[in-house]
Protein chains: 2
Amino acid sequence: MKSGRVTLAHVAAVAKVDRAVISRVVNNDPTLNIRPETRERVLAAVAALGYRPNVAARSLRTARAHMFGLFIPDFANPVYAEIIKGAEAAAAALSYVLVTGSAAGAGLGGYIDLLGQGRIDGLLLAGAEEEAGLLEQLDRATVPWIMLNRRSPSVKRYVILDDERAARLAVEHLVGLGHRRVGHLAGPVGADTALRRSAGYSAAMRDAGLPDGPVVAADYTPAGGAAAMTALLADPDPPTAVFVANVASAIGAMESARAAGLEIPRQISMVAVHDLDLASYLAPPLTTVRMPLAELGRRGVALLGSLKLDESVEEVLDGPIELIVRLSTAPPYMA
Amino acid sequence: MKSGRVTLAHVAAVAKVDRAVISRVVNNDPTLNIRPETRERVLAAVAALGYRPNVAARSLRTARAHMFGLFIPDFANPVYAEIIKGAEAAAAALSYVLVTGSAAGAGLGGYIDLLGQGRIDGLLLAGAEEEAGLLEQLDRATVPWIMLNRRSPSVKRYVILDDERAARLAVEHLVGLGHRRVGHLAGPVGADTALRRSAGYSAAMRDAGLPDGPVVAADYTPAGGAAAMTALLADPDPPTAVFVANVASAIGAMESARAAGLEIPRQISMVAVHDLDLASYLAPPLTTVRMPLAELGRRGVALLGSLKLDESVEEVLDGPIELIVRLSTAPPYMA
DNA sequence: CTCGTTTAGTCAAACGTTTGACCTTCCACC
DNA sequence: GGTGGAAGGTCAAACGTTTGACTAAACGAG
């Protein structure tokens, strides 16, 4: 049971076979022909010495790091937490380690430089920020990469969620409650997810025979949502309900509504995209649309594992999207 | 500018020097004697070919992975997000990559197995969960490790925050507002942070000449806080203020108080340990004690970078601890 | 008994760096 | 003119695995 720097050579000496045999036994090489008793001897020696293959040597020889990268804008955002969890689980299932980095440091370019050559076998990119020279930065990494929930005109490697459908679900819920004037706190201008959610909003309104209500862009942050909600409430004909593109914005927006003296949901209903545990504990508990974020991470990793370099992927994930009705939505108050 | 599998040998061929020279130039080896023009030639070749050292080969030769590990219970908890950020920044400053793993998979043991031999040069452990066989699991990794904000009787390698002082700050704030009967939602039974915060609570009460109020243990989750708060409010002589050991518990506790028909802060004041952006957007905005969590991550990484195996570390971090007064605390309501 | 085949392994090169030891060439000094 | 030393590199081993090529022994068929 002694541990430490145990190499194949040590195990080979104990088991009285060549290093090659140990390697093949450890890796379950199907081409290996071996007597059961020899295999036993090898496994016993491996266990007795506590042998664990050296990752660096293996990587050097096989040119595979058995590690995937995941790059996110910010660890503090719980939306990414769920993606990370899914990706981590899928990676572990492939015996891969997931290394998650955030933009906190020197951005994507800095992260790629830090990783160096050969540390990861594939990279997942989550988050919507537009970085200048993104493609050049990615070229620098000699690694297959996939974008998560973001399309880009010049990029043909992505997995996205059906944000449009999520938006429709939310808006249909509001319309079903009787709301006729429904506003929209959209995401950041130009963000791909924002465009898709806004498209879903407009489509659902059109299908209901209603005109779009007031629309204001908002960052995916509480502060952004608060500011945007204040702007939206300044509309001469304020809506009775609001579809918010992101739960973080919604948290700020709720605060703004309260500050404006509006009672939720009696005077204004709110529903947001992305569910959080926390949503149940807000005042009032927030109605949300739950997206399969963990599945997004899982699928991304699975694709990295089976992707040829330069192969393109354009996939809309069809995981479950469900409306979670809590107390922030109700029929409009009839004055 | 071509990229791909460029090795020292390629660069050496172009620059017409030995591979050793390239290596020494790239690594700024001070023992190297070289003519300026040769150095120029080398650097030009490196740039022209886009050479980046292979991480696996370097790790194999030097027996250092230039990577640190950080193990946390859950990515969804924003408290850990701040630790991660600090650790990531400190690691980047040392040209190290930080690989963060969570307990979501097979726990610490599974994570260590997944990492394999030689992938990381040091491991940071955050979070308070008691895992059986923890020390054995750590022995399996042939790697220096440090616990973050958790002591354990058998372990002499940790960095902790001054949780006792944080608790005192919170309680002194409540007492200063005029509260005499102050309850306490403590952390999980046996958790080290819970013990230290509870000690601070009792000490501050004693210093104020007051008896301890009702104390109930609560998980560091909204659900745990909600349940505990309900129990605490069942006290025949309920407190006018509560010190909550963790902000996540406090979010649930606020909900319970509301459900019980209590208005915060008019009928009951609440203050919790750990600040979040989100705290400003709760209803009402929550008074908290901000702890230097990012600094905790930073310090942990810095210590890993400069630690000898088997050296012990017992450090109380003296970063800034500050009370952030929002609207959840007020003088007691005089009936 | 000989030949071919299977069984059960062995052998050694290769992956790309790093680094201590070594080797020229040139110059200064006596 | 010989010697010592510095300047400017070169050489080659080693890190620990993986894997295609090879081989010795045993066996069955003819």
Side-chain angles (χ1 to χ4, degrees), chain A residues 3-43 45-46 49-67 95 115-119 121 142, chain B residues 3-43 45-46 49-67 95 115-119 121 142:
Chain A
S3 175
R5 297 254 142 270
V6 179
T7 75
L8 275 186
H10 298 128
V11 182
V14 169
K16 312 250 180 252
V17 290
D18 193 83
R19 308 200 301 290
V21 174
I22 315 286
S23 172
R24 289 179 153 111
V25 167
V26 167
N27 296 328
N28 281 316
D29 182 338
T31 74
L32 174 63
N33 248 325
I34 192 175
R35 268 181 310 208
E37 66 249 46
T38 310
R39 181 187 295 275
E40 282 313 311
R41 228 171 50 238
V42 167
L43 292 175
V46 164
L49 299 178
Y51 169 73
R52 302 162 67 212
N54 180 291
V55 175
R58 171 176 284 181
S59 292
L60 177 57
R61 176 62 223 244
T62 62
R64 331 201 89 254
H66 277 257
M67 196 145 94
S95 291
L115 282 174
Q117 172 75 231
R119 180 135 23 197
D121 297 333
T142 321
Chain B
S3 175
R5 298 256 141 267
V6 180
T7 74
L8 275 187
H10 298 130
V11 183
V14 169
K16 311 246 180 261
V17 289
D18 192 84
R19 308 200 304 287
V21 175
I22 315 286
S23 174
R24 290 178 151 110
V25 166
V26 168
N27 296 328
N28 282 315
D29 182 338
T31 73
L32 174 64
N33 247 325
I34 191 177
R35 269 182 310 213
E37 66 251 44
T38 310
R39 180 187 297 273
E40 281 313 310
R41 230 174 46 240
V42 167
L43 291 174
V46 164
L49 299 178
Y51 169 73
R52 304 162 67 211
N54 180 290
V55 175
R58 172 175 286 181
S59 291
L60 177 58
R61 177 61 223 241
T62 63
R64 334 201 86 255
H66 277 258
M67 195 145 93
S95 290
L115 282 174
Q117 173 74 230
R119 182 138 19 199
D121 298 333
T142 320

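Within every chain, numbering begins at 1; the chains are lettered A, B, ... in the order of the sequence lines, protein sequences first and strands thereafter. It should be emphasised that the depicted structure is a prediction, and the values quoted were computed from it without experimental measurement.
You'll find the side chain of A/Leu43 reaches within 4.5 Å of the side chain of A/Arg39, heavy atoms only. For the pair A/Met67/A/Val55, no side-chain contact is recorded, criterion being any heavy-atom separation below 4.5 Å from C-beta on. You'll find the side chain of B/Arg24 stays beyond 4.5 Å of the side chain of B/Ile34, heavy atoms only.
When each of B/Ala57 and B/Asp18 is assigned the nucleotide of DNA chain D bearing its nearest heavy atom, the one mapping closer to the 5' terminus is B/Asp18. Each of A/Arg24 and B/Leu60 was matched to the nucleotide of DNA chain C holding its nearest heavy atom; the match closer to the 5' end belongs to A/Arg24.
The two residues A/Leu49 and A/Val6 make their nearest non-hydrogen contact at O-CG2, 3.3 Å. Here the shortest heavy-atom pairing between A/Ala65 and A/Arg119 reads CB-O, 2.9 Å.
The separation between A/Leu32 atom CG and D/dG20 atom C1' is 14 Å, rounded to whole Å. Summarising the geometry, the separation between CG on B/Asn33 and C1' on D/dG8 is reported as 6 Å, rounded to the nearest angstrom.
In this structure, B/Asn54 reaches the sugar-phosphate backbone alone: every heavy-atom distance under 4.0 Å involves primed, P, OP1 or OP2 atoms, never a base. The residue A/Leu8 sits close to a base: some heavy atom pair falls under 4.0 Å. Using a 4.0 Å heavy-atom cutoff across all strands shown, A/Asp29 reaches no nucleic acid atom at all. A/Thr38 comes within contact range of the sugar-phosphate backbone alone, with a heavy-atom separation under 4.0 Å but no base atom that close. B/Ser23 comes within contact range of at least one nucleobase, with a heavy-atom separation under 4.0 Å.
Of the residues listed (A/Thr7, A/Leu8, A/Val14), the one engaging A/His10 in a side chain to side chain contact (heavy atoms under 4.5 Å, CB included) is A/Thr7, and it is the only one.
Interface limits on DNA chain C: the 5'-most and 3'-most nucleotides within less than 4.0 Å of chain B heavy atoms are C/dG16 to C/dG20.
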